[in-house]
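Working notes, structure below.
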Amino acid sequence: MENEQRETAYQETKEEHSSNNGGYTGNPFADMESGFCKRCRCRTIDRSENPESILCRDCREELIRLKIPRIFYLVGAVVLFLSVLTFAASIKGLHNLGAYSKSRSIAEEGHVITALDDLLYVLEENPDNKNAAIRLADLGMKYAYYDYAAYAIDNYLAGKEVSDSQYDKLNSYIRKLDRYYATYDLYSEIAEDLLGNASDTEDVAEILDEFKRQLSAHIGDGDYDQALLYYYLGYMSADEEERISCLQECINQNPYFYDAQAQIATYYRRNGELEKARKQLEEIYQVNKEDYSILRSYATLELVEGNLAQGLDYALQAYELYPEGEYVIDTYIVALAANGMTEEAEALVEQYKNDYLFDDDLYEFLDGETTLEEYYIG
């Protein structure tokens, strides 16, 4: 029912599926010829643009979005001795002024994505507003939404005149972004190499070990983002304790790595340690009330503790924010059914069933064969 159980949906028997109670034991390279996306493994492959594609439309678009060209020409590209203009002269309209001036306080209240999107709106209306672009870069870097920061720098600041202090700050951002995207590229390159050479009969454990060995070689290397490295190591670990240890080190390196926080909370919840799960979520939720992985994890915790209406509320928020997120649709369906909204739940299953692979456990829950506690604990 969680990330490490997704692959068991490809097992031939229901017994094999239901027996996976430990860490990740599935084969991430199995069923390479099946019709499901090789990244998310829940939506069908889209070959409308490329007959050789192995990705669904959503994953392909997400990867394209993430691969922001790193053409940051701030360094050595322009003379950088002039101060920026005051923001009041460049902001047009009360809405834009309000969005800019309130962005920091909105983010500090936990509405991080709202603040980021508001700043994007300001920049769309006023692309020469360097102060808004710098603010967007600041918040994107602070809260680890690096795509926003990279977009602000690349599209609104590259080649612009900034003050010496802003120049130094932006250069530090660029160095961190380069480490982050270099790590992303490293993971993609290793995955492509191992996937490209893997056969159906190859030992999965050996592949995972080799994947981790190549990633681990860069631990401590300043050219790579260490939090992201540990996140990937946790993702590829077949051992549950090792996975959680890596995720814990990930958030030690970067506490704003939201999915790692959510996975640790999910681990506690699955083990029945509900107080630990709540403590884990409460702390990071105060920082960011709009990350779908945190909201989804919160939803499952509320549901299993019997707070059905609150669980539905969190599940709906996650679904509205990012329905493509891992298990977001499943959680929303369970929350609807748990709150007596069976028709709505079944309608969602019907809507997504052709392009999304639901676990057998979901159907068992909807059929009344398992309880919420059985579904979310153990």
Side-chain angles (χ1 to χ4, degrees), residues 57-58 60-182 184-185 225 256 258 287-292 320-322 324:
R57 177 181 55 83
D58 293 314
R60 183 179 67 249
E61 291 179 354
E62 182 178 353
L63 290 177
I64 291 172
R65 177 180 63 83
L66 286 172
K67 296 288 285 183
I68 298 172
R70 293 187 293 281
I71 49 173
F72 302 132
Y73 295 129
L74 282 166
V75 182
V78 292
V79 178
L80 300 168
F81 297 105
L82 299 179
S83 298
V84 294
L85 300 175
T86 58
F87 74 86
S90 60
I91 292 181
K92 301 175 182 179
L94 292 176
H95 175 85
N96 290 351
L97 177 60
Y100 174 85
S101 62
K102 293 179 180 179
S103 59
R104 182 175 287 114
S105 62
I106 290 173
E108 289 173 351
E109 292 169 359
H111 303 291
V112 178
I113 295 178
T114 296
L116 294 169
D117 287 344
D118 282 350
L119 286 168
L120 278 179
Y121 178 84
V122 171
L123 288 167
E124 287 173 2
E125 295 293 312
N126 303 275
D128 293 328
N129 186 340
K130 288 181 288 187
N131 277 43
I134 290 172
R135 176 71 60 80
L136 179 58
D138 287 342
L139 293 181
M141 296 304 294
K142 177 178 179 179
Y143 293 103
Y145 282 101
Y146 298 131
D147 292 341
Y148 280 91
Y151 185 79
I153 295 171
D154 196 27
N155 289 276
Y156 297 106
L157 292 170
K160 299 290 180 65
E161 296 173 345
V162 295
S163 68
D164 287 349
S165 62
Q166 290 168 332
Y167 167 71
D168 291 339
K169 178 175 66 175
L170 290 171
N171 268 338
S172 70
Y173 289 170
I174 291 169
R175 288 192 295 271
K176 182 171 180 59
L177 287 168
D178 279 341
R179 290 194 296 271
Y180 180 83
Y181 287 114
Y184 177 88
D185 289 342
D225 186 287
Y256 294 166
Y258 307 108
V287 173
N288 188 351
K289 298 179 172 67
E290 296 180 325
D291 183 84
Y292 83 88
E320 290 178 337
L321 277 169
Y322 193 56
E324 297 86 0

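Quick caveat: nothing in here was measured; it's all calculated off a predicted structure.
Atom CG of residue Leu177 and atom OH of residue Tyr184 lie 14.5 Å apart, to the nearest 0.5 angstrom. The line from CG of Leu170 to CE of Met141 is 10.0 Å long, rounded to the nearest 0.5 Å. Summarising the geometry, atom CG belonging to Leu139 is positioned 12.0 Å from atom CD1 belonging to Ile134; distances are rounded to the nearest 0.5 Å. Distance check, rounded to the nearest 0.5 Å: CD1 of Ile106 to CG of Leu116 gives 10.5 Å.
A donor-acceptor contact closer than 3.5 angstrom is absent between the side chains of Asp185 and Tyr181.
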Q. For Tyr156 and Asn129, what are the C-alpha separation, side-chain angles and deciding distance, and is it a side-chain hydrogen bond (donor to acceptor under 3.5 Å, both in side chains)?
A. CA-CA 8 Å; Tyr156 297 106; Asn129 186 340; over 6 Å; no
Q. Can you list the steps and then say if Lys169 with Asp138 is a side-chain contact (heavy atoms from CB on, under 4.5 Å)?
A. CA-CA 9 Å; Lys169 178 175 66 175; Asp138 287 342; 3.1 Å; yes
Q: Take Val122 and Arg135 through the side-chain contact (heavy atoms from CB on, under 4.5 Å) test and state the conclusion after the steps.
A: CA-CA 11 Å; Val122 171; Arg135 176 71 60 80; over 6 Å; no
Q: Before giving the answer on side-chain contact (heavy atoms from CB on, under 4.5 Å), spell out for Leu123 and Asn155 the whole-Å C-alpha distance, their side-chain angles and the decisive distance to 0.1 Å.
A: CA-CA 10 Å; Leu123 288 167; Asn155 289 276; over 6 Å; no
Q: Determine, stepwise, if the pair Tyr151 / Asp147 fulfils side-chain contact (heavy atoms from CB on, under 4.5 Å).
A: CA-CA 6 Å; Tyr151 185 79; Asp147 292 341; over 6 Å; no
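The two residues Ile153 and Ala137 make their nearest non-hydrogen contact at CG1-CB, 4.2 Å. In plain terms, the two heavy atoms of Gln166 and Val162 that are nearest each other are OE1-CB, 3.9 Å.
Looking at heavy atoms from C-beta onward, Asn288 lies out of side-chain contact with Tyr256 at the 4.5 angstrom threshold.
For Asp168, the side-chain hydrogen bond (donor to acceptor under 3.5 Å, both in side chains) test picks out no residue, with sequence neighbours left out. Residues meeting the side-chain contact (heavy atoms from CB on, under 4.5 Å) test with Glu108, sequence neighbours left out: Arg104, Tyr143. Applying the salt bridge (Lys or Arg N to Asp or Glu O under 4.0 Å) criterion to Asp291, with sequence neighbours excluded, gives no partner residue. For Lys142, the salt bridge (Lys or Arg N to Asp or Glu O under 4.0 Å) test picks out no residue, with sequence neighbours left out. When the ring-ring contact (aromatic ring centres under 6.0 Å, His included) test is applied to Tyr258, the partners found at least two apart in sequence or on another chain are Tyr145.
For Lys160 (side chain) and Asp128 (main-chain N/O), no donor-acceptor pair under 3.5 Å exists by modelled atom type. Side chain of Lys130 to backbone of Glu161: a donor-acceptor contact under 3.5 angstrom is found.
For the salt bridge (charged side-chain N to carboxylate O under 4.0 Å, His left out) with Asp225, the qualifying choice from Lys176, Arg175, Arg179 is Lys176, the only one to do so.
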